[in-house]
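A note on names: the letters A, B, ... follow the listed sequences, proteins ahead of strands, and every chain is numbered from 1.
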Amino acid sequence: MTVRERPSAAENARLQEQGRKVLTALYVTLRALKLYPLENAAVQSALNDLHQLVSALVATDGGVELRVMGDFFFLNETRLRLDLSNYSTFGSFARALNNHGLGAVEVLPGIERGEWAPFLSLLLRPPAEADPFEGFMQRLSGAPILHLQFRPETEVQEPGLEEEEAMHAAKRTYAQSVRLAKEALTDVRMGRAVNARRVKRAVQGIVDQVLANEPSMMTMTTLRDFDEYTFTHCVNVCIFSVIIGQRLGLTKLQLYELGLGALFHDLGKSRLDYEVINKAGGLNDEEWFQLQQHPTEGLLALFHLHGFQEMPYRQMLVVYEHHMKRDLSGYPKNRRPRSPALFSRIVSVADSFDAGTSIRSYQYEPWAPDQVLREMRDNSKRGLDPLLVKALINATGVFPIGTLCILDSMEMGVVSAVSKDPKKLHLPVVKIISDAMGVPLAEPRTVDLSRLDPATGKPAVAIIKTIDPQKYGIKVSDYLI
Amino acid sequence: MTEIPRDSKEGPTGAALDWSDPSTLPVAEVRELFVALGKALRAQQLYDQNNPVYQRFLTQLADALRGLWRSMDSLQVGVEEDRLSWMGEEIYRSSSRNDSLAFLLYKDGLREFTIHQGLEDAELPSFLRVLNRARDLRPEGDDLLTLLWEADLQHFTYNYVDLLAEGLELPSAGDGFPGGFQLVLERETGPEGEDGDEEEESGESGEAGAHPGQVSAEDFNPTLYSLDPLEMERIQADIEVEMERDLRGDVLAALFDRVEEPRFPNRQKEILDIFALLLPSFLSRGALSSAGAILEELTRLLRAEGALRPEHRVQAERILDEVSSAEALRELIQALEDGTIAPDPAELSALLRHLRAGALAPLLRGAEEAEDRGIKSIIQEAVRGIAQKYREALIGCMDSTDPVVVAGACSLAGRIQFVEAGPKVAALFNHPEPRVRLAAVEAALGLRASTAVGALQDALEDEDRDVRIAAARALGALRYRPSAPYFRAIIEGKALRQADISERIAFFESYGLLQDPDALRLLDGFLNGRGFLGKRESGDMRACAALGLGKMNTPEAREALARAQGESDPVVRSAVNRALRGEG
């Protein structure tokens, strides 16, 4: 594989455009080959277009590599942005590659037009049953293809920031955001003006970080501090909201608007009785009634924020509606017709997930993340939008990062990454932290549960149970951050 | 410092120059570029986007960039407080902070930027806009970095110092579990299954399933977490709904819901304060429907029994009074007139409908002065509505020192047939301003009240021609026969002969309408009679008399007209024929 440097911003824009064109051309050609014989004019025209496009790209860039990793395509080192205008095209070609266990296709200088048809025709054939990648390579050996190289999906690594660099940036963004959330909430409690500019910058940082390296930001949400819950929760909800928004194809500016609303979602609590908000144990009816006022108080608090060119109406609605539930059975109750909009519903989902997995003053034993997801998904009384819950699970996997689990080997581990393969979201990467006897490992080792045992064709190890780490006071973040 | 600027002496990538020899560097061209940038920035401030002057400076800047790209791929510039540098060479300096590009960038933390090839193609106007907006930012508002982020320029990258990140510490979790993993494994996988705690938890969270933590293969079905194309379509539709949402309307609806809760008096007060804050903002932005919605809600709250505490009622009344004040409405009308606000007629009408008595005077003036017929008509309608609700205020307007307001109020009193205004209207026949007296005449016609009608007779001899004509027409229209002697005197007098033809026609026709028993004799005499030496009246006077006879429209009057049908004077003949045809 050719090692390439990370592209500049301008280069990135060019590659985004070229990448979309190449994927569209591949998709169009694949579809034409599926429908018509090779000599058909539509097929020939599609092949011409594809060849011209890729040849030009190879000429300027010295070679082209297309990698598919989960939901994402990379053209050389550039992650192509998935949005609602291209998700179907991208998804279709990704599935075609994944069926054959292909993770990357590299186009070398000298590629000839005649090489495309055999390659794409091979993609259209049913995959080999035992080992799809091996089967594909065997069939390929008989085809006149000299300038296309392939790698299995198991070998494909996510390019971009080095992991350490990404984590460093994520830590900085997270810490900064928590501090600003704390400042903002404290300012509201003290009746001081909130510095909206700093809050905006924090949200911009979160959006940037999620766009650049989503897993690193998701990992940061495992850093839960009971004492700082109010503030880390605001930041976590912001992060999860932006992650969901990204899955839905929101633009960068839309993610920013969403993130801003999410960060402020509990602002109203700063205007309520501190004793009630932080009361240990259950709340009585009057206290519960008080707590239910926080969306309204948050809405009103946002009117006093300075530093916005226009009133932050969208954020006000997010703050006001995030406990309303889809059927409006939540709070506050409405006297006029209202339908909580998408951003409010996204924040509801993010809020439910983070709140459900956190220790709070009135929740000593939170659920394990996978149980929270299941509850969110299956219990319609929660009033969450099922599609948005799906989008969240799509991002977090069935076992979100930070899930403490017991494997069938009786080892204990912490989920450290989500599988890149959308079909294997239940098979994450796990850091083993103790052996089968419960002896902590001096050096935790990482196991990808999606790897198959060659002998059985099934995953070598599997999760049998998840545990709430906070129930035992285990700091999963120690193993991840 | 979170973003560490790279060494700006590094040679740009892909450069075609001999970077090892500083004497060959195009320093002069780079300096020229920043001169061109300064000019383009100023031009953007001064001119519209389509203005040729701005376009010329924009082209010059783009050309300067294209010129640079012949020798380099990107331009990496270091930023200091008073200067910009490239490859160690100063390329821009300004000692004055006010208009310094270097300081503009420096003060918000930018320490280095790179212009990439391509900025000149599509992003240049946005780039200039960001810089110009950054000049005008308020200290508590956005900064350059926020603006640059929002602009999301693909061909302008930057590094900055971030003071927010200084001394940051990650929040830390609490103490770790002292029991060791062995105990965890024993508890979670022991032969008895879940321990007491787990059972308790299971009981609490029964909705989650009977065996929390136990992995279920059912969860692994990809359809549970993959969005299919139809679901993505629904999401797309939801995004569109979100983006097109009536944000203001929905926020207002939330406030309206909450302000109706008397059990939260402090909140009610706060929301009323917010309404007072929002109203001028909405009006200045032309968000008339939102402003109207607030007024409607306040009006409704004031009507609802017990909805507001007494002190909040006062607050709500004050808001309505303030928005109905002369100052507020003067602003609104001015904005409507100069086009700052382009209102939807229905929205404007809905807004004005909720105004109170105080709005009458300014709106009366506005209705009079508005040039746009549509706006004029909407204001008139609104004024009518307010006047019907606040009749006393309408009478009050007739005492205004502003003759436009007095005249408007007077006319309106007539149009809405506010009979109680009769004495006031009658008094206005003596107003020094002719336009007021004219309005009083119109009002008297509308009111048909004896006090006002009586005053009309005096107005027949008003010093103002228009008032006289209007009074004559009004009395004619009212068929007010008691005024016949006044008409006779005027028609037979000398003054009318010196008046213009319109005034004469008005008097003759109105007199004809009165059906005065003496009218036939008088008018026939004017038309067909001869003087002492057989001399006839002037053609104009005879024509006027013919029109008067036409208005009488009796057989005798028609007979008199028929006798003049063969008249040689074309003016008279024409008037006779018109009168016989019932025209005029």
Engaged part of [X] at the chain B interface, taking heavy atoms whose separation is under 4.5 Å:
{"X": "A/L388", "value": "side chain"}
{"X": "A/T403", "value": "neither"}
{"X": "A/L425", "value": "both"}
{"X": "A/Q293", "value": "both"}
{"X": "A/R314", "value": "both"}
{"X": "A/A436", "value": "backbone"}
{"X": "A/L299", "value": "side chain"}
{"X": "A/D435", "value": "backbone"}
{"X": "A/M376", "value": "neither"}

A/Y313-A/Y320 aromatic ring centre distance below 6.0 Å: no
From A/L387 atom CG to B/E231 atom CD, the distance as rounded to the nearest 0.5 Å: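 If I round to the nearest 0.5 Å, the distance is 5.0 Å.
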Separation between OG of B/S74 and CD of B/Q117, rounded to the nearest 0.5 Å: 9.0 Å
I'd like to know if the side chain of [X] reaches the main chain of [Y], judged simply by a donor and an acceptor atom lying under 3.5 Å from each other, with no hydrogens or angles considered.
{"X": "B/E120", "Y": "B/G118", "answer": "yes"}
{"X": "A/D385", "Y": "A/R345", "answer": "no"}
{"X": "A/Q176", "Y": "A/T173", "answer": "no"}

When only pairs under 4.5 Å are counted, which of [options] shares the most heavy-atom pairs with chain B?
{"options": "A/Q204, A/E297, A/M410, A/R338", "result": "A/Q204"}
{"options": "A/L392, A/D208, A/I393", "result": "A/D208"}
{"options": "A/E257, A/K333, A/M311", "result": "A/K333"}

Chain A contact via [X] - side chain, backbone, both or neither, heavy atoms under 4.5 Å:
{"X": "B/E270", "answer": "side chain"}
{"X": "B/F264", "answer": "side chain"}
{"X": "B/L278", "answer": "side chain"}

Test side chain to side chain contact (heavy atoms under 4.5 Å, CB included) applied to B/R133 - qualifying residues, sequence neighbours left out: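 By the side chain to side chain contact (heavy atoms under 4.5 Å, CB included) rule, B/R133 matches A/Q309, B/D142, B/L147.
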Partner set under side chain to side chain contact (heavy atoms under 4.5 Å, CB included) for A/E17, not counting sequence neighbours: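 For A/E17, the residues satisfying side chain to side chain contact (heavy atoms under 4.5 Å, CB included) (neighbours in sequence not counted) are A/K21.
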Identify which of [options] forms the greatest number of heavy-atom pairs closer than 4.5 Å to chain A.
{"options": "B/R267, B/E150, B/E123", "value": "B/R267"}
{"options": "B/R285, B/R248, B/R234", "value": "B/R234"}
{"options": "B/V241, B/L145, B/L277", "value": "B/L145"}

A/E321/B/R245 ion pair, N-O < 4.0 Å: yes
Audit row: B/F256, B/F275, ring-ring contact (aromatic ring centres under 6.0 Å, His included) steps and yes/no: CA-CA 10 Å; B/F256 296 159; B/F275 288 159; 5.6 Å; yes
4.5 Å side-chain heavy-atom contact, A/I467 and A/M412: yes
